[in-house]
2 protein chains.
Amino acid sequence: MARRSYDQYCGLARALDVLGERWTLLIVRNLLLGPQRYSELLRGLPGITTNLLAKRLQEMESEALIERGGSGDGAAYQLTTSGRALEPAIHALGRWGWQRIGKPTSRDRRSVEWLLVSLRRRYRGGTTLAAELEADGQPYHLVLRGDAAEIGRGRVPGADMRLRGKGIDIARLFLEGLPKDGEAAGIELEGTAKQLRTLVGAFTRGDTGTAPA
Amino acid sequence: MARRSYDQYCGLARALDVLGERWTLLIVRNLLLGPQRYSELLRGLPGITTNLLAKRLQEMESEALIERGGSGDGAAYQLTTSGRALEPAIHALGRWGWQRIGKPTSRDRRSVEWLLVSLRRRYRGGTTLAAELEADGQPYHLVLRGDAAEIGRGRVPGADMRLRGKGIDIARLFLEGLPKDGEAAGIELEGTAKQLRTLVGAFTRGDTGTAPA
DNA sequence: CAGGATCCGCCGCGATACTG
DNA sequence: CAGTATCGCGGCGGATCCTG
């Protein structure tokens, strides 16, 4: 084996020894919303090939970033504690990237999941609300409780509200905010308009300005 | 040209489009301590080759991460505002890496500069002190003023204290702290023992625990 | 000496095909 | 569904040479 290394006694260089190869951090990003199976990762990472995904998963498992969880039918890859500890780094890189990002190009793939990951960082805090999302048929949950925001895949029991719509419309809702008329185009709302305002307002709009403390 | 891209409308993916290739983030790290010339970067990045450094510098300049500053004799590469905005991401990755790093192997190169970069993040705040370092003949400065820590290359006028020694001894001082007897082995001190304790105590020891607020 | 350019060999990556 | 096998190409590493 003997992976390529910078051979520098430096935290950053060591991190890049493990994370610097292509796709690795994007796999971590996708797992931040919850465990996923091989085929789900493959679909969620447009452009990666099967051999490369398999190789990366092996390397990441040997580096203890991920582990195979569950058994039988529920078998899936999930982050270890060490892998989850990458969340601040992913948020810092993501913030820098979102600051430079312009309008999506025609070649850009989109996923509401990329956005949901960034919402964990954009949460302002101080809200109490449990929401369910159904974007393009896939369920997600946002549970806001004081300073903590738990955002991931799947439903949540006892949700206060529910949004259903196309991923691109839901993404626009969180990226651009509610329109003046308070009607979110193309989105089916189960809940009050006030809850919707609370949900959307719980997150900072973008990364152009300084995020409120 | 047309660099390789993940083609994902996601901040992290966009950041990795720019930063994901080999050596790029390490160049930014080295420039965080101040501008450097081509040959200085080459010496400071053991293992990089001349062609690759030249290529990376071109790419980074076209991405507006760095710019050629100064003129004539003082010409050097320096970070732009956008490049300097990477400091939080570098600190986050560095913290993760320092947490996993063990003892240096025999192949590991060392540099007091890698450590100084991490000190900017490890600064506890609340100290007022201007110190000069001379490690392996190279001068550095640490100016601590309240919440701000300015750490970089070169001297600082009106330093309160001065340390001189081998880089490895100075690195050990900040990584392991002052020995019980308060005598820093192999280090020449201009200043009081109290100042030395203040300086060393102004930074957290490592990344194993949670850094104090 | 600073700041590259050029050539070459290799391996990481991407695409496709195939297997348990 | 969850990977392995194979192959071509381009990015990378190493060395050398060039120009102000």
Side-chain angles (χ1 to χ4, degrees), chain A residues 1-8 13 16-27 30-31 35-63 66-78 107 109 138 153, chain B residues 1-8 13 16-27 30-31 34-63 65-78 107-109 153:
Chain A
M1 279 296 205
R3 308 260 309 280
R4 179 167 56 173
S5 165
Y6 288 109
D7 288 327
Q8 297 183 1
L16 295 177
D17 283 345
V18 178
L19 310 168
E21 280 156 291
R22 215 163 153 72
W23 295 106
T24 304
L25 275 176
L26 295 186
I27 294 172
N30 279 28
L31 291 179
Q36 287 208 291
R37 313 165 64 104
Y38 183 89
S39 56
E40 297 171 322
L41 284 167
L42 204 56
R43 272 188 295 107
L45 293 166
I48 201 174
T49 52
T50 62
N51 52 357
L52 210 36
L53 177 57
K55 189 178 179 199
R56 287 289 174 275
L57 290 174
Q58 282 177 11
E59 294 165 349
M60 294 170 71
E61 191 173 4
S62 84
E63 292 286 352
I66 60 174
E67 58 190 2
R68 297 158 182 266
S71 60
D73 197 36
Y77 294 92
Q78 57 187 299
R107 320 193 336 162
R109 310 242 185 185
Q138 295 301 311
R153 303 192 186 89
Chain B
M1 283 294 206
R3 309 257 311 279
R4 178 168 55 172
S5 165
Y6 288 109
D7 288 329
Q8 297 185 0
L16 294 177
D17 283 345
V18 177
L19 310 168
E21 280 157 288
R22 212 162 156 72
W23 296 106
T24 304
L25 276 177
L26 295 186
I27 294 172
N30 279 27
L31 291 179
Q36 286 208 292
R37 311 167 66 102
Y38 183 87
S39 55
E40 297 171 323
L41 285 167
L42 203 54
R43 271 188 293 109
L45 294 165
I48 201 173
T49 52
T50 64
N51 53 358
L52 211 37
L53 177 57
K55 188 179 180 199
R56 287 289 175 274
L57 291 174
Q58 283 176 9
E59 294 165 350
M60 293 169 73
E61 191 174 2
S62 84
E63 292 285 354
L65 298 186
I66 61 174
E67 59 191 359
R68 298 159 182 265
S71 59
D73 197 36
Y77 295 92
Q78 58 187 293
R107 319 192 337 158
D108 277 343
R109 310 242 185 183
R153 302 192 186 88

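Quick caveat, the model's predicted, so the values are computed rather than measured. Reminder, nothing fancy here: chain letters follow the sequence lines and each chain counts from 1.
- With hydrogens and angles disregarded, no donor-acceptor distance shorter than 3.5 Å links the side chain of A/Glu61 to the backbone of A/Gln58.
- If you measure from atom CG of B/Leu45 to atom C1' of D/dG13, you get 14 Å, rounded to the nearest angstrom.
- Which of C/dC7, D/dT4, C/dG3 sits closest to the side chain of A/Tyr38 comes down to D/dT4.
- Of all heavy-atom pairs between A/Thr50 and A/Tyr38, the closest is O-OH, 2.8 Å.
- One interatomic measurement links the two molecules: CG of A/Leu52 to C1' of D/dG3, which rounds to 13 Å at whole-angstrom precision.
- For A/Ser39, the listed nucleotide lying nearest its side chain is D/dA2; candidates were C/dG12, D/dA15, D/dA2.
- Mapping A/Gly20 and A/Thr50 onto DNA chain C via the closest heavy atom, the residue that lands nearer the 5' end is A/Gly20.
- Remark: B/Arg37 is not in phosphate contact with C/dC1, judged by side-chain N or O atoms under 4.0 Å from OP1 or OP2.
- One finds a side-chain N or O of A/Arg68 lying less than 4.0 angstrom from the OP1 or OP2 phosphate oxygen of D/dG3.
- The nearest whole Å value for the distance from the CG atom in B/Leu53 to the P atom in D/dG14 is 14 Å.
- Positionally, the nearest nucleotide of DNA chain D for A/Lys55 lies more toward the 5' end than for the other of A/Lys55 and B/Asn51.
- Distance alone, capped at 3.5 Å, is enough to place a donor-acceptor pair between the A/Arg56 side chain and the A/Arg22 backbone.
- No side-chain donor-acceptor contact under 3.5 Å links A/Asn30 to the backbone of A/Leu41.
- An OP1 or OP2 oxygen of D/dC12 is reached within less than 4.0 angstrom by no side-chain nitrogen or oxygen of B/Trp23.
- A sub-4.0 Å separation between OP1 or OP2 of D/dG11 and a side-chain N or O of B/Arg4 is absent.
- When distances run from any side-chain atom of B/Glu21 to the nucleotides D/dC12, C/dG12, D/dG3, the shortest one goes to D/dC12.
- Phosphate contact (OP1/OP2 of D/dC12, side-chain N/O of A/Tyr6, threshold under 4.0 Å): absent.
- In terms of phosphate contacts, A/Arg56 brings a side-chain nitrogen or oxygen within less than 4.0 Å of OP1 or OP2 of C/dC13.
- Listed candidates were D/dA5, D/dG13, C/dA5. Nearest to the side chain of B/Gln58 is C/dA5.
- Side-chain N or O atoms of B/Asp7 include none that pairs as donor or acceptor with a backbone N or O of A/Arg109 at under 3.5 Å.
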